[in-house]
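Below you'll find the structure, written out as C-alpha cells, and then a few comments.
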There are 2 protein chains.
Amino acid sequence: MKSAPVTIKDIAKALNISISTVSRALRGMPEIHPDTRSAVMRLAEEWDYQPNQLAKNLAKSRTKTIGVIVPNLSYYFFSAMLNSIEDAAIQAGYSVLVCQSNESYLRETMQIQNLLRSQVEGFILSLSRDTSNCAHVERLIQKNVPLVLFDRYADNMAASKVMVDNREAAFKATEHLIENGCRRIAFLAGPPQLVLSNQRLAGYRDALTKHGLYMGDQYVFHCDYTQENTLMQTLALMSLPQPPDGLLTVSDRIAYPAMYAMKQKGVRIPDDVAVVSFNNEPLSSLFSPSLTSISQPIQEMGMETVRLLLRQLEATDGPITPETTVMPTQLVVRESSLRMKSADFLNGVLSS
Amino acid sequence: MKSAPVTIKDIAKALNISISTVSRALRGMPEIHPDTRSAVMRLAEEWDYQPNQLAKNLAKSRTKTIGVIVPNLSYYFFSAMLNSIEDAAIQAGYSVLVCQSNESYLRETMQIQNLLRSQVEGFILSLSRDTSNCAHVERLIQKNVPLVLFDRYADNMAASKVMVDNREAAFKATEHLIENGCRRIAFLAGPPQLVLSNQRLAGYRDALTKHGLYMGDQYVFHCDYTQENTLMQTLALMSLPQPPDGLLTVSDRIAYPAMYAMKQKGVRIPDDVAVVSFNNEPLSSLFSPSLTSISQPIQEMGMETVRLLLRQLEATDGPITPETTVMPTQLVVRESSLRMKSADFLNGVLSS
DNA sequence: TTGTATGCGTTATCAT
DNA sequence: ATGATAACGCATACAA
C-alpha cells in the first residue's frame with residue numbers, strides 16, 4: 001500500500017506551468033528562467049520526486065543498459081569480473097543488468113530473452129556449463145545485437161571475445177610441474193563442452209609431449225565443478241595403478257576439494273603430488289599448502305570486455321567485424337608445487 | 001547498428017488488423033478468433049517478436065520487480081541468499097534486480113535511488129559495512145515502500161527483518177570452545193557498527209561470564225573483512241602477553257586468514273588455539289584443519305525474506321506492521337575446535 | 001522563456 | 001470478435 005509517486009505532471013499542476021517546462025527545468029536545460037527552475041527544483045526536492053526510468057527510456061527509445069549473464073556469481077572469477085565490468089560500464093554512462101544462468105542452458109536462453117525484452121542495448125556473456133547448442137547466441141548475432149563473450153565462449157561464433165591464452169597458460173603450468181620433478185602429471189579438466197577446458201587440455205598435452213612424457217589421456221579426468229564430483233574423480237585418480245606425481249586442475253574451485261581428498265588419503269603435497277591450478281583466487285594463498293595458480297588479469301579483462309562492447313554500441317556504420325582479445329596470464333608459484341631439492345635450494349641462496 | 005525491433009504495430013499492419021487485436025491475441029485472450037490468433041502467433045514467431053517490457057510496465061503501472069541490494073556478491077552468504085531469493089521471487093511471479101553496495105554507504109544510497117526510479121515494487125536489503133546513518137532506509141519506510149532487511153540490519157527501524165539468533169549462536173559457539181578446554185578465548189569481531197557483530201559479541205561475553213572466564217574485552221579485536229586487516233589483527237592477538245587458547249571469528253572469511261596467520265607463527269590448531277567461526281561456507285570443510293562453523297539456514301532465510309516482502313506487496317489495507325523472523329542456527333563441529341583428550345576419545349569409541 | 005502537440009509500445013475501456 | 005482511442009510518464013519538435 002504505497003501512495004502514487006509524484007510525476008512531473010503533479011509538479012506542473014502545483015506550479016501552474018506546463019509539464020514541458022518542468023521537464024526542461026529538471027534536466028537543467030539552459031533556456032529555463034532561473035526563477036522557474038528554482039521553483040521546480042524546490043518542489044521536486046521537497047516531494048522527493050524520482051523520474052520514472054521506464055517512461056524516460058521509452059520516450060527516448062534508449063536504455064543505456066547492458067545485460068550481463070554469467071554462470072554463477074558465487075565463483076570468484078565471475079563476481080570479480082562483474083565488479084570490473086560494472087565499473088567500466090558506469091564510467092561510460094551505462095548501467096548493468098546482471099543475471100545468472102546457474103550453469104543451465106535453458107535458464108541462459110530465458111535470461112537472454114528477458115534482457116532483450118528489457119531493452120538492453122548489448123550483452124556481455126559467459127556461457128553456462130551445459131550450453132552446447134548456441135542457437136540462442138547466434139540469433140543475437142543475426143539481429144546485430146552488440147555482444148561480447150568472455151572466458152566461456154564457443155568456437156565458430158562471429159562475436160567479439162575476451163579470454164586468456166589458455167593453451168599457453170596450461171603449457172607453462174605443466175612445464176612448471178615437470179621442472180619440479182613431476183613425471184606422471186594428471187589433469188582434472190572441466191566439462192568437455194567447455195572450450196577453455198579443451199584449450200587447457202591441449203596445452204597440457206603439448207607440454208607433456210615436448211618433454212616426452214605424454215602417455216595418452218589416461219591421467220585426464222573431467223569434473224563438473226561440484227565438490228562431490230571432484231572428490232570422486234580425485235580418488236579415482238589416486239587409485240590408478242601408477243598414481244600421478246603431479247596434478248593440474250582447471251580451476252582453484254576444483255583444486256581445493258582435490259587437495260582435500262589427497263590429504264585425506266595421506267598423500268603429501270607437494271612431496272608426493274605437486275599441484276598447479278587456475279584462477280588464483282584470493283583464498284588460494286590461504287590454504288595449506290598454499291596453492292600455485294595461474295592468475296588472470298580480471299580487472300583488465302572486464303575493462304576490455306566493455307571496451308569491445310562499446311565499440312559495437314557506438315558504431316554508426318553497419319555491423320562491426322568481431323574482435324578477439326587474448327590476454328596474458330601469470331603463474332603465481334606457491335607451496336603446492338615447489339619441490340626444492342636441497343641442492344637447488346642452496347644454489348638459489350648462494351646465487352642471490 | 002541494430003535494426004528497430006518489431007512491435008505489435010508492425011504485426012498489425014502486416015496482417016491488416018488493429019493493434020488491439022494483436023495485443024489480445026498475443027496475450028491469449030479468449031475472445032479472439034482462432035484463425036486470427038494463429039496468424040498473429042505465426043508472424044510473431046517468424047519475426048521473433050519480443051514484447052517491450054518498458055512499455056508493458058508503463059502501461060500497466062506495475063513492474064512485478066523487486067530490488068535486492070547486498071554488500072558484495074563475492075561473499076558466499078550473499079550469493080547463496082541471492083539464489084534463494086531469486087527462486088522464491090520467480091516462484092511468486094516477480095523478477096529481481098540485483099545491486100551491490102560494495103560495502104559503501106554512498107553507493108547503497110545511489111542504488112536505492114536507481115531502483116526506485118526503475119519502479120521496483122519493493123526492496124530486500126542487507127546493509128553495507130559503512131552504513132551507520134540510516135536516513136535513506138527510513139525514507140523508504142516513510143514512503144511505505146515494502147521492505148525487508150536481512151542479516152545486516154539496524155536497530156530501531158520499523159521494517160521487517162530476517163536474521164538468525166546471533167547472540168545464542170555465539171553463546172553456544174563459545175561454550176563449545178570452553179568445553180574443549182579453552183580458557184582464554186578471543187573474538188575477532190566485525191566492524192563495530194554492524195549489529196550482528198555486536199550481538200555475537202554479546203553472546204560471547206555471556207558465555208564467558210557464565211563460566212567465570214570473562215576478563216573484559218582485552219581479547220576482542222575488530223576486523224573490517226579484508227584479508228590484510230585480519231592478518232594484522234591476528235598477529236596482534238597472538239603477541240599478547242597471554243595469547244588466547246581459543247578463537248571465535250565473526251565469519252569464515254575472517255577465520256581463513258586468521259588460521260593462516262597462526263599457522264605461519266607455528267601455532268597449532270586446535271591444540272594451541274581452537275577455532276570456531278560463522279557461516280559454514282562450503283570451503284570451510286576443505287581447509288586443514290577443517291573449520292568448525294555456525295551454519296545459517298540460507299535456503300529458508302531467502303524464502304522467508306521473500307515471504308515477508310510479498311505480505312507487504314500484496315497487502316491491500318494500509319501499511320503492515322513489521323515482522324521479524326529469527327531463524328535457528330546449527331553448530332557444525334569439525335577439526336579446528338576438537339581437542340579430544342585420549343580419555344574422552346576412548347570413551348567415545350567405547351560407547352559407540 | 002514557455003506552451004502545445006505528438007510519439008515511445010503497450011494495455012485497457014469503450015464502442016461496434 | 002474487432003477497432004478506435006485514451007492512458008502510462010516523459011522527451012521533443014514546433015509554435016508562440
Side-chain angles (χ1 to χ4, degrees), chain A residues 2-41 43-44 47-65 113-121, chain B residues 2-41 43-44 47-65 113-121:
Chain A
K2 35 178 297 234
S3 41
V6 22
T7 70
I8 52 172
K9 198 186 289 182
D10 299 324
I11 298 184
K13 201 173 301 173
L15 259 36
N16 232 337
I17 56 183
S18 79
I19 62 167
S20 31
T21 305
V22 176
S23 171
R24 287 191 268 250
L26 250 14
R27 281 175 299 149
M29 314 227 75
E31 64 234 25
I32 289 296
H33 190 96
D35 293 355
T36 329
R37 180 198 317 302
S38 58
V40 169
M41 290 311 217
L43 203 54
W47 286 354
D48 192 26
Y49 164 76
Q50 301 288 347
N52 184 325
Q53 198 65 42
L54 301 182
K56 224 164 178 165
N57 288 337
L58 185 60
K60 306 185 72 153
S61 295
R62 282 218 66 181
T63 59
K64 279 266 194 179
T65 298
Q113 201 158 61
N114 286 340
L115 289 174
L116 232 31
R117 294 180 173 178
S118 298
Q119 309 299 112
V120 299
E121 300 182 6
Chain B
K2 35 177 295 235
S3 41
V6 22
T7 71
I8 51 173
K9 198 186 288 181
D10 299 324
I11 298 183
K13 202 174 298 172
L15 258 38
N16 231 337
I17 56 182
S18 79
I19 60 167
S20 17
T21 304
V22 177
S23 172
R24 284 190 272 248
L26 251 14
R27 281 176 298 155
M29 314 229 76
E31 64 233 27
I32 289 296
H33 190 96
D35 294 354
T36 338
R37 179 197 319 303
S38 57
V40 169
M41 290 311 217
L43 203 54
W47 286 354
D48 191 27
Y49 164 76
Q50 301 288 347
N52 184 324
Q53 196 66 41
L54 301 182
K56 223 165 179 163
N57 289 338
L58 185 60
K60 307 183 72 152
S61 296
R62 280 220 66 182
T63 58
K64 278 264 192 183
T65 298
Q113 200 157 63
N114 286 340
L115 290 174
L116 232 31
R117 294 181 173 176
S118 298
Q119 309 300 111
V120 299
E121 301 183 6

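A note on names: the letters A, B, ... follow the listed sequences, proteins ahead of strands, and every chain is numbered from 1.
Between A:Y49 and A:L43, every side-chain heavy-atom pair lies at or beyond the 4.5 Å cut-off. Contact annotation: the side chain of A:L54 never approaches that of B:R117 to less than 4.5 Å [non-hydrogen atoms, C-beta and beyond]. In this structure the side chain of A:T36 reaches within 4.5 angstrom of the side chain of A:T21, judged on heavy atoms. Side-chain contact between B:Q119 and B:T65 is absent, with no heavy atoms from C-beta onward closer than 4.5 Å. The side-chain heavy atoms of B:I19 and B:T7, taken from C-beta on, include no pair separated by under 4.5 Å. Within the 4.5 Å cutoff, the side chain of A:V6 has heavy atoms near those of the A:I11 side chain. Looking only at side-chain heavy atoms (C-beta outward), B:R37 and B:L26 stay at 4.5 Å or farther from each other.
Annotation for B:K64: atom NZ counts as buried by contact number, over 12 foreign heavy atoms lying within 6.0 Å.
When the side chain to side chain contact (heavy atoms under 4.5 Å, CB included) test is applied to A:S61, no partner is found at least two apart in sequence or on another chain.
Put simply, A:T21 has no side-chain N or O that comes within less than 4.0 Å of OP1 or OP2 on C:dT2.
In terms of heavy atoms, A:A12 sits closest to A:S18 at CB-C, 3.8 Å. For A:K56 against A:P51, the heavy-atom pair with the smallest separation is NZ-CB, 3.7 Å.
Mapping heavy-atom proximity under 4.0 Å, the span of DNA chain D touched by chain B runs 5' to 3' from D:dA1 to D:dG9.
When the local axes at the two ends of the helix from C:dT1-D:dA16 to C:dT16-D:dA1 are compared, using 5 base pairs at each end, they differ in direction by 50° after rounding to 10°.
For the salt bridge (charged side-chain N to carboxylate O under 4.0 Å, His left out) condition, the pairs that include at least one residue of residues 7-29 of chain A, sequence neighbours left out, are A:R24-A:E31.
Looking at residues 30-40 of chain A, you'll see that no heavy atom sits under 4.0 Å from any atom of DNA chain D.
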Any chance you could list the contact pattern along nucleotides 6-16 of chain C? Use B for base contacts, S for sugar-phosphate-only contacts and - for none, protein heavy atoms under 4.0 Å, 5' to 3'. -BBBBBBB---

